[in-house]
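Each remark here refers to the structure printed beneath this line.
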Number of protein chains: 2
Amino acid sequence: MASRGKATILDIASKAGVSKSTVSLVLQGSALIRPETASRVRKAIEEVGYVYNRGAANLRKAHSNVVGMVINDLTNPFFAELAVGMERVFQSAGIVPFIANTAESPVRQGEVLKSLLEQGVAGLIVSPAHGTSPDAFEHIRSAGIPVIFTMRRLSGSRIPVVVPDNPRGAFLATRHLISKGHRRIAFLGGFPDMVVYHERVGGYREALAAHGIVADETLVIQGDTNRKGGMSAIDTALAFSPAPTAAVCFNDAVAFGAMTGLRKRGLEPGSDFAIVGFDDVAEAQHYMPALTSVAVDTAGLGERAAHTMLNMIRAGTTDAESHIGAISLIVRDSCGPDITEARRTA
Amino acid sequence: MASRGKATILDIASKAGVSKSTVSLVLQGSALIRPETASRVRKAIEEVGYVYNRGAANLRKAHSNVVGMVINDLTNPFFAELAVGMERVFQSAGIVPFIANTAESPVRQGEVLKSLLEQGVAGLIVSPAHGTSPDAFEHIRSAGIPVIFTMRRLSGSRIPVVVPDNPRGAFLATRHLISKGHRRIAFLGGFPDMVVYHERVGGYREALAAHGIVADETLVIQGDTNRKGGMSAIDTALAFSPAPTAAVCFNDAVAFGAMTGLRKRGLEPGSDFAIVGFDDVAEAQHYMPALTSVAVDTAGLGERAAHTMLNMIRAGTTDAESHIGAISLIVRDSCGPDITEARRTA
DNA sequence: GGTTCTATTTGGAACGTTCTAATTCACGGA
DNA sequence: TCCGTGAATTAGAACGTTCCAAATAGAACC
């Protein structure tokens with residue numbers, strides 16, 4: 001049946017024999033109205049199947065209850081895990097996160113952002129698409145809407161950031177390979193126009209330097225930060241002579257790709273070539289061989305970002321402390337045993 | 001600087017020296033207003049950094065431009081792929097999909113749905129959480145909001161559905177194993193309160209019957225539809241005597257779990273035990289061994305669902321044809337070579 | 001009975017759009 | 001001069017909420 005026009009606060013007011021103001025108060029759980037009246041109103045609400053019109057409310061209220069999560073690649077399970085961590089926090093604060101995917105396209109990102117803004121979001125948590133210009137966000141921020149970057153940052157931007165300790169992570173990963181006896185170690189994936197890339201490559205170089213190994217710049221191989229990028233990067237790496245015996249990968253996706261690439265050439269990851277990943281996605285521990293990776297506490301970062309956002313919203317500010325999350329190296333099987341002196345120089 | 005109150009249509013009207021009606025018309029790209037005036041207005045819009053208030057507009061307009069995608073498990077890359085397919089279609093129609101995750105919890109799903117409805121969505125594409133009661137959605141539908149189920153259906157519901165041909169997929173998968181010489185074939189994962197489960201188990205049974213194999217009901221092993229579920233299901237399966245030599249898995253996640261479980265017991269998937277998955281997620285072809293799986297054309301299903309939704313919105317109806325997507329078996333390495341008579345009866 | 005409280009309830013003006021029904025203006029024809 | 005026409009613009013009433021200020025009803029006090 002469902003009458004075409006949806007029920008409004010007015011309908012339920014007349015049904016309950018009170019004024020619209022009273023209904024509004026009940027909806028907001030105000031202590032002002034008499035419990036008895038309140039329950040009568042609630043009953044009426046139930047009966048007509050009323051649904052609250054948040055758009056109308058936001059017209060009067062200062063801010064909405066939705067924050068946007070703008071994510072550059074939803075098919076990377078890493079971001080899904082991040083989203084899940086955030087949702088937990090937001091849920092209990094009564095605010096609803098809407099997730100939008102930009103598929104790594106700045107254009108798409110612009111559209112998505114526009115929509116979210118039109119919808120009147122209270123804040124934005126963003127992992128910016130590759131190639132984003134920083135202005136876009138400064139603009140939003142200076143309009144008074146809190147923005148947090150997560151996992152990626154834009155150079156020169158003053159927007160608060162929640163990221164893992166990338167340099168340290170890459171340092172630990174590299175040091176691990178060195179301690180296993182490797183000397184020719186490649187770095188696979190990523191592009192120099194991402195800040196994260198410099199952070200991770202920086203940690204890698206630092207570790208090499210700290211152990212007196214001269215970095216061979218040809219072993220730093222750029223590429224897409226997904227499986228495919230990993231497969232082609234490992235091909236490039238193995239073409240050098242002498243070839244590297246190990247690689248630190250930009251992230252786990254690249255690492256999985258690199259491992260597949262090794263197998264294609266008849267090399268077994270772990271025993272023939274050591275691989276370390278970054279992110280420690282759920283899949284890492286189930287892979288064959290299980291992937292040694294830098295764990296970034298994804299869900300924790302998500303929660304942290306969500307909390308920070310909550311505080312910004314409550315305080316009505318667009319400023320916040322950035323957070324650099326602790327990382328840890330999870331050693332599994334993909335680096336194999338220590339290599340012998342013979343192989344090292346082979 | 002950014003003055004606290006955001007600019008409205010009125011501000012830009014006075015700035016451009018026209019009425020608010022004119023501005024509104026310009027915003028909607030009406031042909032009524034003189035191009036010269038239009039560009040003057042657009043200039044003013046640009047200058048003040050005006051952002052459209054869709055909430056206010058929706059108060060007058062019939063329906064909004066957002067549809068909700070409610071997904072039961074965003075960490076399953078399968079759903080991310082599905083979402084990506086939908087987004088492509090919606091984007092070009094000027095409508096914005098907001099994604100929300102229910103983490104397989106009916107309670108969470110209820111909350112998410114409530115929010116979406118309050119936000120005034122034009123439609124809902126839902127992969128219902130495990131344990132959802134059908135009433136929840138009939139309710140929404142009878143309020144005039146188009147709902148489509150995707151990937152999963154609820155028994156007894158009249159809501160249109162976009163799903164792969166599950167019985168056929170399971171049939172093909174099972175037949176493939178039979179043709180390889182297997183006779184004791186398990187079915188791993190899923191629960192009988194999901195319609196999909198019955199569809200897939202049904203296809204499995206049908207294939208067995210078609211080849212004159214008596215189904216052993218103990219080999220149909222229920223469990224969670226994720227990696228962990230797969231690991232425990234394979235354990236259960238191998239405890240039987242005689243043990244099965246092959247398994248059809250509820251989905252790829254279960255298949256990956258099962259393969260990990262096999263390795264834990266020193267069995268090699270492919271050569272020692274044959275595995276077929278369902279969904280053919282991107283990872284399937286990169287796994288070791290590459291997973292034989294039933295491809296469901298994920299992106300295509302997503303596009304189909306989105307198109308159907310678009311039509312429903314435009315036609316103002318809550319009815320639509322259901323769509324059963326064609327499937328195909330992708331044969332890779334996880335079923336190994338044909339088994340010998342000797343092993344079959346071992 | 002009149003006052004002053006307190007506890008509830010309510011009217012009405014926003015909020016930023018859209019949309020219908022005017023209004024205005026310039027022009028050509030009678 | 002007056003009228004009709006059509007193009008361009010506009011006033012003003014919605015839309016469904018919130019929230020301030022004000023109203024109402026008892027109860028308590030003198």
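Since the structure is predicted, the reported quantities are computational estimates derived from the model, not experimental observations.
- Put simply, A:Thr22 has a side-chain N or O that comes within less than 4.0 Å of OP1 or OP2 on C:dT10.
- In this structure, the CG atom of A:Leu25 is 9 Å from the P atom of C:dT9, given to the nearest Å.
- Using a 4.0 Å cut-off between charged nitrogen and carboxylate oxygen, A:Glu111 and A:Lys114 do not count as a salt-bridge pair.
- No engagement by A:Leu27 is indicated, since no non-hydrogen atom pair under 4.0 Å with the nucleic acid exists.
- Nucleotide D:dG16 holds its C1' atom 14 Å from the CD atom of B:Gln119, rounded to whole Å.
- A donor-acceptor contact under 3.5 Å is not formed by the side chain of A:Arg60 with the base of D:dT17.
- Atom CD1 of A:Ile45 is separated from atom C1' of D:dG16 by 14 Å (rounded to the nearest Å).
- Remark: the A:Glu81 side chain and the B:Thr75 side chain contain no N/O donor-acceptor pair separated by less than 3.5 Å.
- Within 3.5 Å, a donor on the side chain of B:Lys20 pairs with an acceptor on the base of D:dG12, or the reverse.
- Distance A:Leu32 CG to D:dA25 C1': 16 Å, rounded to the nearest Å.
- One atom, CZ of B:Arg40, and another, P of D:dA8, lie 14 Å apart when rounded to the nearest Å.
- Atom CG in B:Leu10 sits roughly 12 Å away from atom P in C:dT18 (whole-Å rounding).
- Counting only distance, with no hydrogens or angles, the side chain of A:Thr150 and the backbone of A:Val162 share a donor-acceptor pair below 3.5 Å.
- Phosphate proximity of C:dC19 to B:Gln28: present, with a side-chain N or O under 4.0 Å from OP1 or OP2.
- Comparing atom distances between the A:Tyr52 side chain and each of C:dT10, C:dT18, D:dT17 picks out D:dT17 as nearest.
- Side-chain atoms of B:Ser24 and B:Gln28 include a donor-acceptor pair closer than 3.5 Å.
- Residue B:Thr37 has a polar side-chain atom (N or O) positioned under 4.0 Å from OP1 or OP2 of D:dT9.
- When only modelled atom types and interatomic distance are considered, A:Ser64 and A:Asn58 share no side-chain donor-acceptor pair under 3.5 Å.
- Taking atom CZ of B:Arg54 as the reference point, atom C1' of D:dC15 lies 17 Å away to the nearest angstrom.
- Between the CG atom of B:Asn53 and the P atom of D:dG16 there is a distance of 16 Å, rounded to whole Å.
- Counting non-hydrogen atoms under 4.0 angstrom, A:Ser21 reaches a base of the nucleic acid.
- For A:Thr8, no side-chain nitrogen or oxygen approaches OP1 or OP2 of D:dG16 to under 4.0 Å.
- When heavy atoms are screened at a 4.0 angstrom cut-off, B:Ser24 is found touching base atoms of the nucleic acid.
- For the pair A:Arg34 and C:dA7, the criterion of a side-chain N or O lying under 4.0 Å from OP1 or OP2 is not met.
- Nearest-nucleotide assignment on DNA chain D puts the 5′-proximal partner with B:Gly17, out of B:Leu59 and B:Gly17.
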